[in-house]
Asker: 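First the structure, which I've put down as C-alpha cells, then a few questions once you've had a look.
Being a predicted model, the structure only gives us computed values, none of them experimental. Read the numbers this way: they start at 1 and go in the same order the structure lists the ligands and their atoms.
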Amino acid sequence: MSFKAQVLTLYPEMFPGFLGHSMAGRALENGIWSLDKVQIRDFASDRHHSVDDTPSGGGAGMVMKPDVLAKAIDSVDNHYPRLLMSPRGRSFNQKMAHELKDGGGVTLVCGRFEGVDERVIEARNLIEVSIGDYVLSGGEGAALIILDSIVRLLPGVMGNNQSGEQESFEAGLLEYPQYTRPQIFEGRSIPEVLTSGNHQEIEKWRKHRSEEITRARRPDLYSIYEKNNRKA
Ligand code: SAH
C-alpha cells in the first residue's frame with residue numbers, strides 16, 4: 001500500500017521540491033508514496049481571500065486564521081496523524097519517522113507569519129513538531145525534511161535495504177566513519193582493518209568507532225545507549 005502524504009500550505013508550488021528528485025522522486029513516480037497538496041487560501045471565504053489577521057493583544061506580524069485552516073484540514077483524509085510544523089513542537093526524530101511510516105500516511109500543516117491561532121491546534125488535535133531549535137520563515141522546509149526521512153524508509157525506496165539499519169540513530173548511535181577508494185587520499189590511508197576482508201573485525205571496529213563518536217559528540221544519546229545496553 002502506498003504511503004499518503006497530505007500537505008496544507010500557502011505555497012503548494014514548493015512541493016514536492018527536492019523530493020521530486022533522486023530516490024524519493026522515483027518512488028513518487030512509481031506510486032510508493034503519494035502527495036496531495038492543499039492550498040489553504042482556497043478555504044478563505046471573504047472577498048480578499050484572507051488567511052491571516054493581526055495578533056489579538058497586539059504585537060508584530062500576522063497570525064493564521066483558525067476558521068480558514070480548520071476548513072482546509074477538514075477537506076483532507078483524516079485517518080492520519082496531523083502534524084503542525086512549529087518551533088515549539090516536540091523534536092522530530094528517527095523513531096517518529098518510523099512510526100509515521102508504519103501509520104501509512106501523514107498530514108503536514110505548514111505555518112507562515114507568526115504561526116497559527118492556538119484554538120485550531122486544540123480543535124483539530126494538531127501535534128506540534130519541530131525540526132530543531134531555530135526559526136524558519138515557514139513550515140514548508142520542515143515538512144519536506146520530515147517527509148524525506150519517512151519516504152526513504154518505505155520498502156523499495158532505498159537501493160540497499162540493509163543500509164537503513166546501520167545508519168545514525170537506528171541503534172541509538174551515530175554512524176562510524178565511511179571510506180571509499182582511492183586507497184590513499186592526500187597522504188591519508190583507509191584504516192587497514194576495512195581492507196582486511198575480516199568481517200568480524202570490521203564489525204567490531206565500526207561499533208567501537210560509533211560508540212567513540214557518539215560519546216564525544218552526543219553525550220545525551222550516548223547515556224541513553226549505555227543505559228539500554230547495560231548488562232542486567
Ligand atoms: N512566531 C513563531 C515562529 C513562526 S515561524 C515562534 O516564535 O514560535 C513561521 C512558521 O515556520 C511556523 O508557524 C512553523 O510552521 C514554521 N517553523 C519555523 N521554525 C520551525 C522549526 N524549527 N520546526 C518546524 N517548523 C518551523
Asker: Within the side chain of Glu201, is there an N or O that forms a donor-acceptor pair under 3.5 Å with the backbone of Val193?
Answerer: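 A pair under 3.5 Å: no.
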Asker: Is Glu212 salt-bridged to Arg209, cutoff N-O under 4.0 Å?
Answerer: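 Result for this pair is yes, salt bridge flagged.
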Asker: May I ask which of Met64, Glu140, Glu114 has a heavy atom nearer to atom 2 (C) of ligand 1 than the others do?
Answerer: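 The nearest heavy atom belongs to Glu114.
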Asker: For ligand 1, is there an N or O atom under 3.5 Å from any N or O atom of Cys110?
Answerer: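 There is no such contact.
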Asker: Is ligand 1 less than 4.0 angstrom away from at least one heavy atom of Phe92?
Answerer: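 Contact check Phe92 vs ligand 1: negative.
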Asker: Please tell me if atom 13 (O) of ligand 1 is touched by the protein, where touching means a protein heavy-atom distance below 4.0 Å.
Answerer: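 Given the 4.0 Å cut-off, atom 13 (O) of ligand 1 counts as touching protein heavy atoms.
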Asker: Would you please test Val7 and Leu147 for side chain to side chain contact (heavy atoms under 4.5 Å, CB included) and show each step?
Answerer: CA-CA 10 Å; Val7 184; Leu147 275 179; 4.3 Å; yes
Asker: Below a 4.0 angstrom heavy-atom separation, can you tell me which part of Ala142, side chain or backbone, both or neither, approaches ligand 1?
Answerer: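 It is the side chain that gets close, since no backbone atom is under 4.0 Å.
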Asker: Give a yes or no on whether the backbone of Arg119 and the side-chain of Asp117 come within a donor-acceptor separation of less than 3.5 Å.
Answerer: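 Side chain of Asp117 to backbone of Arg119, a donor-acceptor pair under 3.5 Å: yes, one is there.
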Asker: Going by heavy atoms, is Gly89 under 4.0 Å from ligand 1?
Answerer: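 Gly89: no contact with ligand 1 (<4.0 Å).
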Asker: Considering non-hydrogen atoms of the protein only, which is the closest contact for atom 7 (O) of ligand 1, and what is the distance?
Answerer: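 Ranked first by proximity to atom 7 (O) of ligand 1 is Pro87 CG, 4.9 Å.
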Asker: Do Thr9 side-chain atoms and Cys110 backbone N/O form a donor-acceptor pair below 3.5 Å?
Answerer: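 No; zero donor-acceptor contacts below 3.5 Å.
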Asker: Ser130 side chain to Ser91 main-chain N or O, any donor-acceptor pair under 3.5 Å?
Answerer: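 Answer holds: no.
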Asker: Hey, is ligand 1 close enough to Ile131 that some N/O pair sits below 3.5 Å?
Answerer: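 Yes.
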Asker: Is it the side chain, the backbone, both or neither of Leu84 that has a heavy atom closer than 4.0 Å to ligand 1?
Answerer: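 Near ligand 1, Leu84 shows nothing, with every heavy atom at 4.0 Å or more.
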Asker: Indicate yes or no: does an N/O atom of Arg88 lie under 3.5 Å from an N/O atom of ligand 1?
Answerer: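 Between Arg88 and ligand 1, no N or O pair is found under 3.5 Å apart.
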Asker: Which of the atoms in ligand 1, numbered in the order shown and given with their element, are less than 4.0 Å from a heavy-atom of Gly138?
Answerer: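 Heavy-atom distances to Gly138 below 4.0 Å select 10 (C), 11 (O), 16 (C).
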Asker: Compute the shortest N/O to N/O distance between Val135 and ligand 1 and return yes if it is under 3.5 Å, no if not.
Answerer: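 Not met; the criterion fails.
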Asker: Is there any N or O on Val129 that sits under 3.5 Å from an N or O of ligand 1?
Answerer: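 No, no N or O pair falls under 3.5 Å.
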Asker: Among Ser196, Pro177, Ser210, exactly one meets side chain to side chain contact (heavy atoms under 4.5 Å, CB included) together with Trp205. Which residue is that?
Answerer: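 Between Trp205 and the candidates, side chain to side chain contact (heavy atoms under 4.5 Å, CB included) is satisfied uniquely by Pro177.
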